[in-house]
Structures are given as C-alpha cells and as structure tokens.
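Everything below concerns the one structure shown next.
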There are 2 protein chains.
Amino acid sequence: MPTPHYGQPRYRAIADELRERIETGAIPPGVLLPPESALTAEFRASRGTIRQAIAVLREERVVATEHGRGTYVIPGRDTSAVDEEPESEIRRRSIAADTELAALFAVEVGSPLVEQQIVTRTSGAVEKLVRIYNRVQTKK
Amino acid sequence: MPTPHYGQPRYRAIADELRERIETGAIPPGVLLPPESALTAEFRASRGTIRQAIAVLREERVVATEHGRGTYVIPGRDTSAVDEEPESEIRRRSIAADTELAALFAVEVGSPLVEQQIVTRTSGAVEKLVRIYNRVQTKK
DNA sequence: AGAAATTTGTCCGTATGTATC
DNA sequence: AGATACATACGGACAAATTTC
C-alpha cells in the first residue's frame with residue numbers, strides 16, 4: 001500500500017505518544033520500552049518508522065538504546081531534568097619521568113616529559129580525569 | 001530550504017568528501033564507514049542521495065558493502081603510505097586512590113578507582129600514554 | 001558452557017508526493 | 001519536461017550484541 005504523509009509524519013506522532021507515556025510514568029525511568037517488534041504491531045507501522053520515532057526520543061536524551069538489549073528510559077531527574085553539562089579544565093605542564101614512565105618511553109629517569117591533564121567536572125564533582133603523556137617535541 | 005544543484009550533483013560532492021577521508025586515512029582500510037543514517041544526518045542529505053554517493057565509491061572499488069553489516073574501505077592497495085601505523089594497547093584495572101586522586105575525586109585515600117591506560121606504540125617505541133581515571137560505576 | 005531466542009543495527013529495494021533547477 | 005533532491009514509509013534480509021534456556 002502507498003504511503004501518503006499529510007501534515008505531521010507518523011514517526012513524530014508515535015514519538016509524541018511514547019514521550020507521553022514516559023512523562024506520565026507509564027514507562028518509568030530505567031525501564032525498557034517494548035521492543036520494536038511489539039511497537040510495530042501496536043502502531044501498525046513499519047519497523048523503520050518505529051525506529052525513526054525512537055531516534056527522536058534518543059535525540060532528546062529521553063531514552064537510550066543498547067544493541068541487543070533494548071531501549072530504556074534514561075534515569076534522570078524526572079521532572080525538570082535541567083542539564084548540568086560537564087565542564088573541562090585542561091592543564092599542560094612539563095614533568096620528570098618517574099621509573100614507570102621512563103621504562104615505557106625508554107628514556108632515563110628524570111628526563112622531561114609533557115603531561116596534559118584534563119579534569120572533567122559535572123556540577124562541581126570530578127567526573128573523569130585524563131592524563132596524556134608525551135615525549136618532548138622531537139621532529140619527525 | 002530548497003535544494004539547488006549547481007553544476008555538480010550533491011551525491012558527487014558527498015562521494016568526493018568520503019573518498020577524501022579514505023585517502024587521507026581518516027577512514028582506514030577495513031574500517032566501516034558511518035551508517036547511512038549517520039551520513040544523512042551529517043551531510044543533511046536524504047538517504048537516496050547518500051546511497052548514490054556510496055554507489056559511486058563502490059563502482060570505483062574503493063569500498064564494499066555487506067548486507068546487514070555496513071560499508072567498509074577495501075583493504076586493497078594502500079593509497080597513502082601507512083607503513084608504521086601506531087598500535088594501541090589498552091589495559092583496564094582497579095587502583096587505590098593516592099592523595100592526589102583522592103582530593104580530586106573527593107573520596108578517601110585508598111578508595112577504589114578505575115584506571116584505563118592506553119599505550120600507543122609506533123614501531124615499538126612508545127609514542128603516547130593516556131590514563132583515564134573514573135569513579136567505580138554505581139548505576140545501570 | 002553452549003545453543004537458541006530476542007532485540008537492535010544496518011543495508012536493500014521500492015514507492016509516493018513535493019519542490020527546484 | 002526531465003534530472004536532482006528532499007522527506008516519508010513499506011517490507012525484507014542479514015549481522016551483531018545480549019539474554020535466556
């Protein structure tokens with residue numbers, strides 16, 4: 001059968017319906033949504049259309065999907081869900097190689113190396129710490 | 001926004017861009033290029049157009065497509081020399097927080113943290129060392 | 001430990017309707 | 001009118017990750 005699309009596309013209507021269920025608590029945070037196969041049956045839409053609808057919610061960070069497992073409601077602050085976006089701070093400095101680093105880089109202990117450190121904080125609390133070590137600039 | 005096409009069709013321009021990424025090594029031989037859905041988003045082109053672009057590269061034997069898997073760069077003759085391609089080794093382990101890490105993460109000294117270490121070697125010699133520290137997972 | 005079932009990921013081909021060059 | 005491109009939608013098939021038995 002053909003596929004006209006007047007006004008609002010189907011996948012948006014389906015996304016709206018699913019979002020509604022999530023916001024009303026019909027599908028609580030952390031809980032898996034029905035599988036795509038069930039949704040295709042319920043909405044009598046093709047799998048591609050269902051997946052498009054879910055993609056909308058994923059874009060909105062309302063749900064997350066894991067391959068082979070399913071799509072679940074993201075356990076965030078249920079109501080306002082204000083995004084505390086992580087902030088990163090970068091520091092670069094020169095350090096002296098300790099025994100471990102010296103062995104890895106095959107340099108003498110105490111040799112200069114460059115350490116770049118990125119601290120990522122989410123609402124004040126340190127979320128992640130990355131340290132990158134490099135040789136001191138040597139030409140290729 | 002309408003979609004004019006001056007001279008060169010859109011799908012050719014996209015094919016050129018993708019070919020560029022392959023030749024520069026941004027997408028190395030054997031590696032899957034992004035799925036059609038991602039490319040439609042990135043280039044803001046329709047799926048049909050993306051598929052046309054990939055068809056061009058397939059025609060040129062630059063890539064190959066496997067049903068249900070994806071499209072990957074054919075590991076045939078290399079374009080740009082990549083003789084000494086860096087290799088990475090990843091190790092993940094649990095560590096105890098020293099005073100510095102404890103202060104950053106606001107945990108007690110000795111608390112468990114996860115350290116992920118990536119060592120990148122180029123022809124044997126360590127090129128770069130990355131250490132990523134995280135809290136121990138608690139959710140999910 | 002291993003096979004089967006479930007579920008998502010991706011591609012294939014096709015189709016309709018609209019819009020622009 | 002024809003070529004290009006967009007957005008939407010269908011159904012089918014194979015691949016890969018996870019869960020279940």
Side-chain angles (χ1 to χ4, degrees), chain A residues 1-19 21-22 27 30-75, chain B residues 1-18 21-22 27 30-75 90 92 137 139-140:
Chain A
M1 286 330 197
T3 311
H5 54 92
Y6 306 108
Q8 192 186 31
R10 291 210 59 197
Y11 74 91
R12 294 222 170 261
I14 295 173
D16 290 345
E17 167 64 24
L18 291 177
R19 194 187 307 103
R21 294 185 193 176
I22 291 168
I27 309 179
V31 170
L32 289 173
L33 270 62
E36 295 170 355
S37 55
L39 295 176
T40 59
E42 177 183 344
F43 292 103
R44 271 180 273 152
S46 75
R47 195 181 156 212
T49 302
I50 296 297
R51 284 177 60 76
Q52 235 176 319
I54 292 177
V56 170
L57 301 180
R58 201 160 35 221
E59 193 76 14
E60 296 170 358
R61 309 284 175 178
V62 173
V63 302
T65 302
E66 285 179 29
H67 190 175
R69 182 156 173 263
T71 299
Y72 56 91
V73 181
I74 292 181
Chain B
M1 291 271 247
T3 310
H5 52 93
Y6 309 104
Q8 192 183 34
R10 198 109 147 73
Y11 72 92
R12 293 237 167 244
I14 294 174
D16 290 344
E17 167 64 22
L18 291 176
R21 293 187 194 176
I22 291 167
I27 309 178
V31 169
L32 289 173
L33 40 87
E36 295 171 352
S37 55
L39 295 175
T40 59
E42 177 183 343
F43 291 105
R44 274 175 298 172
S46 75
R47 190 185 156 217
T49 303
I50 296 297
R51 284 173 60 73
Q52 277 186 81
I54 291 178
V56 169
L57 300 181
R58 200 158 38 218
E59 192 73 15
E60 296 171 358
R61 310 283 174 168
V62 173
V63 302
T65 301
E66 281 182 32
H67 191 172
R69 181 158 173 262
T71 298
Y72 56 89
V73 182
I74 292 181
I90 302 181
R92 189 182 201 126
Q137 284 289 53
K139 58 184 173 185
K140 189 176 182 183

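Below, chain A is the first sequence line, B the second, and so on; all start at residue 1.
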Just to verify, what does Ala38(A) make a side chain to side chain contact (heavy atoms under 4.5 Å, CB included) with, not counting sequence neighbours?
Pro34(A), Pro35(A)
Whole angstrom is fine here: how far is it from CG in Leu32(B) over to P in dT10(C)?
9 Å
For Phe43(B) and dA7(D), what is the distance between atoms CZ and P respectively, to the nearest whole Å?
15 Å
Just checking Glu17(A): does its CD atom have more than 12 heavy atoms from other residues, nucleotides or ligands closer to it than 6.0 angstrom?
yes
Taking salt bridge (Lys or Arg N to Asp or Glu O under 4.0 Å) as the definition, give me every residue that meets it alongside Glu42(B), ordered by chain and number, with sequence neighbours left out.
Arg21(B)
Looking at CD1 of Ile27(A) and CG of Leu33(A), how far apart are the two atoms once the value is rounded to the nearest 0.5 Å?
4.5 Å
What's touching nucleotides 18-21 of chain D from the protein side, N or O pairs under 3.5 Å?
from: dT18(D); atom 1: O4'; to: Gly68(A); atom 2: O; distance (Å): 3.4

Hey, does the side chain of Tyr11(A) come within less than 4.0 Å of dA9(D)'s phosphate (OP1/OP2), counting only N and O?
no
Nearest-angstrom distance from the residue atom CG of Leu39(A) to P of dT8(C):
8 Å
Restricting to non-hydrogen atoms, name the atom on Ile54(A) and the atom on Val63(A) that form the minimum distance, rounded to 0.1 Å.
O-CG2, 4.2 Å
What residues, two or more places apart in sequence or in another chain, satisfy salt bridge (Lys or Arg N to Asp or Glu O under 4.0 Å) together with Arg47(A)?
Glu36(A)
Under 4.0 Å from any atom of DNA chain D, heavy atoms only: list the residues of residues 45-54 of chain A that qualify, in numerical order.
Ala45(A), Ser46(A), Arg47(A), Thr49(A)
Could you tell me the separation between the CZ atom of Arg12(A) and the CZ atom of Arg19(A), rounded to the nearest 0.5 Å?
9.0 Å
Please write out the pairs of protein N or O atoms and N or O atoms of nucleotides 1-5 of chain C separated by less than 3.5 Å, giving the distance to one decimal.
none

Please set out all donor-acceptor pairs under 3.5 angstrom arising from side-chain atoms of residues 66-73 of chain B, sequence neighbours excluded.
from: Glu66(B); atom 1: OE2; to: Tyr72(B); atom 2: OH; distance (Å): 3.3
from: Thr71(B); atom 1: OG1; to: Thr65(B); atom 2: OG1; distance (Å): 2.8

Contacts of type side chain to side chain contact (heavy atoms under 4.5 Å, CB included), residue Thr49(B), not counting sequence neighbours
Arg10(B), Tyr11(B), Ile14(B), Ala45(B), Ser46(B)
To the nearest Å, how far apart are Glu36(B) CD and dT8(C) P?
20 Å
Separation of dA7(D) C1' from Gln8(A) CD (nearest whole Å):
14 Å
I want to check one thing: is the phosphate of dA9(D), taken as OP1 and OP2, less than 4.0 Å away from some side-chain N or O of Arg44(A)?
no
Name the closest nucleotide to the Arg58(B) side chain, picking from dC6(D), dC12(C), dT8(C).
dC12(C)
Candidates dA9(D), dC6(D), dT8(C) - which lies nearest the side chain of Thr65(A):
dT8(C)
